[in-house]
Amino acid sequence: MEITDTYKTIEKPSIETLFKEKKSKFFGYAYPIQTEEEVKPIIDTLRKQHPNACHYCYAYQIGTDKITYRANDDGEPNNSAGMPIYGQIQSFSITNVLIVVVRIFGGVKLGVGGLISAYKTAAQITLEECTIIEKTIDIHYLISFDYQNMNKVMRIIKEKKIEIVSQEMELDTETNLPIGKIEIKIRKKNAEMVFDIFNSVYEIQIRIME
């Protein structure tokens with residue numbers, strides 16, 4: 001069975017979009033994100049940008065194998081804002097993305113059906129303005145080795161065209177000899193093969209990084 005190791009996301013933050021419905025204004029924004037911790041600072045920035053808005057509704061999805069998502073109505077009736085926005089993330093088949101729709105009330109109530117339609121449309125317009133790209137799902141490994149095995153490690157890295165994320169040398173507290181540590185990044189479908197190669201080499205340790 002072939003391993004799926006790609007996913008779709010947006011290339012960069014979107015331009016600001018605007019959808020109007022019965023005098024209410026719905027400003028849409030999309031951001032590529034990697035962690036939940038990125039969400040609050042973005043919302044805080046938009047609150048400062050639109051101090052007169054009454055709702056800052058959003059939805060996000062993070063992950064590929066293990067999905068994390070959230071839909072937030074921010075005071076609108078239950079499931080009338082966050083879920084319609086999240087529905088567009090699903091519709092575009094993307095992940096690692098945050099969509100925020102900021103509403104400035106225009107004095108006319110839209111009703112739940114009107115809100116669902118407005119938030120869905122605002123999110124759709126925003127995503128249509130984004131460039132959607134395909135990325136690979138990568139596995140990170142940490143390789144540890146005595147300094148004299150550096151050439152062995154580098155030869156494998158060169159032969160297999162492996163991407164190095166970081167590398168460092170440190171002294172072993174017991175032997176006082178230098179130890180090399182290299183973090184590498186491998187496409188998921190090749191990860192097991194690369195792990196087995198390093199794992200079979202004497203005096204080289206490899207482990208997956210969480």
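Since we're looking at a predicted model, the values are computed, not measured. Just so it is clear, the values below take in all heavy atoms, side chains as well, and ignore hydrogens, waters and symmetry mates.
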Contacts of [X] that satisfy side chain to side chain donor-acceptor pair (under 3.5 Å) - sequence neighbours left out:
X    : value
R207 : none
T121 : none
S24  : R103

Report yes if some heavy atom in the side chain of [X] is under 4.5 Å from a heavy atom in the side chain of [Y]; otherwise report no.
X    : Y    : answer
T6   : R187 : yes
K181 : L142 : yes
T64  : K135 : no
I10  : P32  : yes
M150 : V153 : no

Polar side chain donor-acceptor pair, Y58 to N72, under 3.5 angstrom: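 Result is yes, a qualifying pair exists.
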Mind checking the [atom1]-[atom2] spacing from [X] to [Y]? Nearest 0.5 Å is all I need.
X    : Y    : atom1 : atom2 : answer
I33  : L98  : CD1   : CG    : 5.0 Å
I182 : I206 : CD1   : CD1   : 11.0 Å
I157 : I197 : CD1   : CD1   : 11.5 Å
I43  : Y29  : CD1   : OH    : 11.0 Å
Q49  : I42  : CD    : CD1   : 12.0 Å
I132 : T9   : CD1   : OG1   : 8.5 Å

Pair K189 + D5, salt bridge at N-O below 4.0 Å: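 Salt bridge between K189 and D5, a charged N being under 4.0 Å from a carboxylate O: no.
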Neighbour count >12 (heavy atoms, 6.0 Å) for atom OH, Y69: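 Atom OH in Y69 is not crowded, with 12 or fewer foreign heavy atoms closer than 6.0 Å.
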Worked verdict on I186 versus D138 for side chain to side chain contact (heavy atoms under 4.5 Å, CB included): CA-CA 5 Å; I186 320 282; D138 299 317; over 6 Å; no
Joint cluster assignment, V194 & I164, ILVMFWY side-chain distance < 4.5 Å: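 Yes, V194 and I164 fall within the same hydrophobic cluster.
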Common cluster, I94/Y31, ILVMFWY with side-chain heavy-atom separation under 4.5 Å: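 No, no single cluster joins them.
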Whether E129 side chain and T126 backbone form a donor-acceptor pair below 3.5 Å: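 No, the answer is negative, given that no donor and acceptor are paired below the 3.5 Å cut-off.
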Do you know which two heavy atoms are closest between [X] and [Y], and how far apart they sit?
X    : Y    : value
E192 : Y141 : N-OH, 4.3 Å
V112 : P77  : CG2-CB, 4.0 Å
G63  : N96  : N-OD1, 2.8 Å
I204 : K152 : CD1-CB, 4.2 Å
F92  : Q124 : CZ-O, 4.1 Å
S80  : E76  : OG-CB, 3.5 Å

Result of checking E163, K185, E183 against H140 for side chain to side chain donor-acceptor pair (under 3.5 Å):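 That would be E183.
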F27/I104 under side chain to side chain contact (heavy atoms under 4.5 Å, CB included): CA gap, chis, key distance, verdict: CA-CA 8 Å; F27 292 93; I104 297 177; 3.6 Å; yes
